[in-house]
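The structure appears below as structure tokens.
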Amino acid sequence: MSKKQNEEAHNGGDTQNAEITRGKKRKRKGGDAGVDLRKGAGKVTKFDDGGKQPIEEVLSAVPTTSTKTPKPTEPKSFSRVEEGEAPEVEQRLKGPRPDQPRGKYEKRPENVRDDPEQQREQPKKALSRPRKTPNGEQTTHRSPYLIKKRDELLPKRKALPIWSQADAIRQRLRENNVLVLTGETGSGKSTQVPQFLQSEDWCTKTIAITQPRRVAAISLARRVAEEMGSLFGAQSPAAKVGYSVRFDNAAGPNTKIKFLTEGMLLQEMLRDPDMKQYSAVVVDEVHERSVNVDLILGFLRNLVSRIGRGKGVRKHPLKVVVMSATADVEGLVNFFAEGLDEDLKAPETSGGPTTVSQAARDRISTCFVEGRQFPVKTTYLPEPTLDWVESALKIIFQIHYKEPLPGDVLVFLTGQDKIEALEKLVNDYAAAMDKDMPKLLALPLFAALPQQAQQRIFQPTPYRTRKVILATNIAETSVTVPGVRFVVDCGKSKIKQYRSNLGLESLLAKPISKSAAIQRQGRAGREAPGQCYRLYTENDFKTLEERTMPEILRCDLSQSLLTMKARGVNDVLHFPFLDRPPRETLGKALMQLFHLGALNEDGTVNDLGIKMAKLPVTPTLARIIVEAAKPEHDCLHDVIDIISALSTEDSIFFNIATEEKRERAEEARRNLYRREGDHMTFLVTVQQYAEEQTDRKAWCERHFVSHRAMQSVMNIRKQLRQQCTQLKLLSSEAPTSSSSPNTDAILACILRGFVSNTARLCPDGSYKTFFHNQLVAVHPSSVMHGRKIKAEAIVFSEFLFTNKSYAKKVSAVQMNWVGDVMKEVVPM
DNA sequence: GAGCACTGC
């Protein structure tokens, strides 16, 4: 079996590529879309549960009667433009109240990931009105506008399911220090719980509330400020509500409620391990189980149990609220109760068999709040399909022909390739539809899509049109698509898996979990009763894993372990993990940190490691930064430029679709490319971009460079310069002279971080890694790809497995340099 | 000459 086939078998017969090609051919050959679709329509008819019209009939002769309900659809989006709430808040509340239509803000595309520039602007806009008080005073939360807004919002708050539980929640937190709150979608927990708590006697300081995503943190802060009739952000010292996300800290001295991203709270924990500035920490969206949330929960468990033992320095004990949408209450209660139990045990017995005492369990409060969600009818495929792109296509048209407007369709697919394939098919077949039919508008949605294209899903639907949103996982949690009544779920998603034995990550399409399937299904019932079509059988559903494997079990842990070590958790093997990662993964991460020089012989963290932990990059990149600051290299400014380019998520040199354009791009980029490799190419690109003072956007267009990526690079560069100055690695934030870069020094530093990512040239022209003797190919996106004269050795900063092992972001190095670094790392 | 889901400091 070839590697490729092996992968496919692994993915559960994922043969879409072949199928798509076939579809394209058919289209070319036949020309008549309707005819083609009928050929393979057998499967879909079985979807019909009530003797409804099979798709082939629908498509071959569309009687106008089959479109019975489509009354001239008033463009629904206009009809709802009256009242409402900020979309991001809706997004958090997960599910509109039946009595409240979605509002005008809903059309604003803010719940798609914003770029940092935009995010900085938003709070200012929100503040501009109250600031303009007649007497021009530096306004306060007493502004009439704010008060009016607050009073307007109060009835809506009272209508939330969680409102009636306010007293119960307060009471339980008076009794105990930990509360596990399960709130279904639409319960209002994220906005209300901090407000319920802020007037409590024990609440003398700030309440922190964490969110997995930046947009959520900012928009929730804005919403809660409105509800409280307060300003928000750092602009006014009077603001009671603030937020803190990367690149944007907007918390003032009087901030009572502070929304922050999980990563930000972890960074704060490094500086203030006892969390002295907080009276309570609310951890929201725990069910998403990000690595960061698992770390936070572990730290908090240690903190509450230590304080429970009476060793805390606080006047009031820290209160912890853990909020989750799904009901793994038992697990969370046991987790915290176990911590209280361990306080009573001798240290050596901790981590032993986990029988949790009832006394400890009684000290953890629980609370359940129902949500608001419309019923969703679920239909399964009667038998499995190998080609769910085609199945999805049929279902889309079946819905379109059978179901009245309004009601958009949301299709969950695995990735960009499938989305684009299906988009084309939908457009092709839609073009062949009867003219009397309402139109279909296919809209792709994935993170790599440019902002503007993403925002199209929020634009009003044109007259007599049904939107079909073709989305990745992004629509499962991060983006709420309005207007959806039908969900089509392919049952798969791409999952990142870390292979600790090889030290590389791979991305494979795998079956989703039951909880993810339910989450997807729920997307159909947010505005009205909906329907969900699963492109797999009911039996398949039963065999799915109960829940998605937490990220901490599938990723490289070196960064997490460094954070733990830097926060004083030395014995990471006995850290209270909600799910304990495999021992090999932990061991591998410890070895890596040791090789990077962040740990002492005995495994304790050293000064270097503490510095590395405070830098917002992976330990490897942090090590390179620290190395570059050494006087013998003295190239930190240049290295920061390169690291900024390496750590931005979207690629600077984007891919170009057409052959002809590609040639022009290569030509335009030629003066940026460096023969030393990709890292020096990044350096030149960043520096030339930074030097461009007049029109950076035009510069990017001229050089076929992504402007969005470069803006992000500049943000990271600025932050790294600041932090390196604070850590005394850098004497001034701006480089003093602009001498030409010292390539050898820079590559030596990169080598120090990426020792294990090195390969030597073999006689047959291939590369094999020094450590594992594994064959790697230079990725075609590298400037080093296809060189006639090959370097004797390479270092690469990405190692990717798809159908073979690829080295991405590659630089040429000399054999003896690698030897020198290896001697330092693994002394013989 | 390949192809990358989604977050976050």
Side-chain angles (χ1 to χ4, degrees), chain A residues 4 17 112-113 116 210-217 244-249 260-271 285 288-296 412-421 445-449 471-479 490 492-497 505-510 512 516 548 551 554-555 559-560 562-563 566 612-619 621-622 643 647-651 654-657 659 662 666 712 715-716 719-720 722-723 777-787 798 800-808:
Chain A
K4 171 93 183 169
N17 280 327
V112 182
R113 192 179 54 174
T210 68
Q211 292 295 320
R213 281 167 289 277
R214 308 170 50 178
V215 263
S244 177
V245 301
R246 189 181 188 181
F247 305 127
D248 195 1
N249 182 1
L260 23 60
T261 45
E262 293 157 356
M264 275 314 253
L265 188 72
L266 278 178
Q267 285 290 313
E268 286 189 3
M269 282 177 154
L270 287 184
R271 290 171 180 83
E285 311 284 19
E288 289 192 23
R289 291 296 305 276
S290 63
V291 179
N292 286 344
V293 117
D294 281 22
L295 289 192
I296 288 173
F412 283 101
L413 299 161
T414 50
Q416 183 176 349
D417 53 343
K418 303 282 186 286
I419 287 172
E420 283 168 353
L445 178 65
F446 46 90
L449 199 68
T472 60
N473 259 356
I474 193 173
E476 212 175 284
T477 46
S478 309
V479 177
C490 77
K492 291 192 162 54
S493 70
K494 285 192 179 171
I495 298 273
K496 191 167 70 180
Q497 192 102 36
E505 289 177 325
S506 56
L507 206 54
L508 298 173
K510 294 218 165 143
I512 58 173
T548 311
E551 195 187 356
R554 336 176 238 114
C555 71
Q559 196 164 7
S560 305
L562 185 59
T563 306
M612 285 165 59
K614 288 182 176 166
L615 290 168
V617 292
T618 60
L621 296 179
I643 303 264
S647 49
T648 186
E649 62 256 36
D650 12 44
S651 61
F654 48 84
N655 272 335
I656 289 144
E659 193 74 31
R662 200 171 308 146
E666 289 299 307
S712 148
N715 271 330
I716 298 169
Q719 190 188 29
L720 286 176
Q722 280 170 357
Q723 288 175 338
V778 175
H779 195 273
S781 65
S782 167
V783 300
M784 302 279 294
H785 179 84
R787 289 273 173 88
E798 266 179 44
L800 171 79
F801 184 85
T802 51
N803 51 16
K804 57 178 172 172
S805 299
Y806 283 106
K808 288 182 84 172

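Letters A, B, ... mirror the listed sequences (proteins, then strands); counts begin at 1. Nothing here was measured: the structure is a model prediction, and the numbers come from that model.
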Below 4.0 angstrom from OP1 or OP2 of B:dC6, is there any side-chain N or O of A:Thr472?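 Yes, because at least one side-chain N or O of A:Thr472 sits under 4.0 Å from OP1 or OP2 of B:dC6.
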
Would you please confirm or rule out a distance under 4.0 Å between OP1 or OP2 of B:dC9 and any side-chain N or O of A:Thr563?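 Negative; the distance criterion is not met.
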
Would you mind telling me which of [options] lies closest to the side-chain atoms of [X]?
X	options	value
A:Gln267	B:dC9, B:dA5, B:dC6	B:dC9
A:Arg246	B:dA2, B:dC9, B:dG8	B:dC9
A:Arg214	B:dG8, B:dA2, B:dC6	B:dG8
A:Lys494	B:dG1, B:dA5, B:dG8	B:dA5
A:His785	B:dC9, B:dG1, B:dA2	B:dG1
A:His779	B:dC6, B:dG8, B:dA2	B:dA2

Closer to the 5' end of DNA chain B via nearest nucleotide, is it A:Ser781 or A:Pro616?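 Residue closer to the 5' terminus by nearest nucleotide: A:Ser781.
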
Earlier contact from the 5' end, DNA chain B, for A:Phe446 and A:Thr618: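 Taking each residue's closest nucleotide, the earlier one in sequence belongs to A:Phe446.
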
So what does A:Leu800 touch, heavy atoms closer than 4.0 Å: a base, only the sugar-phosphate, or nothing?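 Touches a base.
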
Under 4.0 Å, counting only non-hydrogen atoms across every strand here, what does A:Gln719 touch: a base, just sugar-phosphate, or nothing?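 No contact.
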
Test of understanding: with side chain to side chain contact (heavy atoms under 4.5 Å, CB included), list the residues that count as partners of A:Gln719, not counting sequence neighbours.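 Testing A:Gln719 for side chain to side chain contact (heavy atoms under 4.5 Å, CB included), a comparison that skips the adjacent residues, returns A:Arg246, A:Phe247, A:Pro616, A:Gln723.
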
Between A:Glu288 and A:Arg213, does at least one N-O distance fall below 4.0 Å, as a salt bridge requires?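 Judged by the 4.0 Å cut-off on N to carboxylate O distance, A:Glu288 and A:Arg213 do form a salt bridge.
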
Scan A:Thr563, A:Thr261, A:Leu265, A:Leu266 and name whichever one has a side chain to side chain contact (heavy atoms under 4.5 Å, CB included) with A:Asn292.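 Among A:Thr563, A:Thr261, A:Leu265, A:Leu266, the one meeting side chain to side chain contact (heavy atoms under 4.5 Å, CB included) with A:Asn292 is A:Leu266.
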
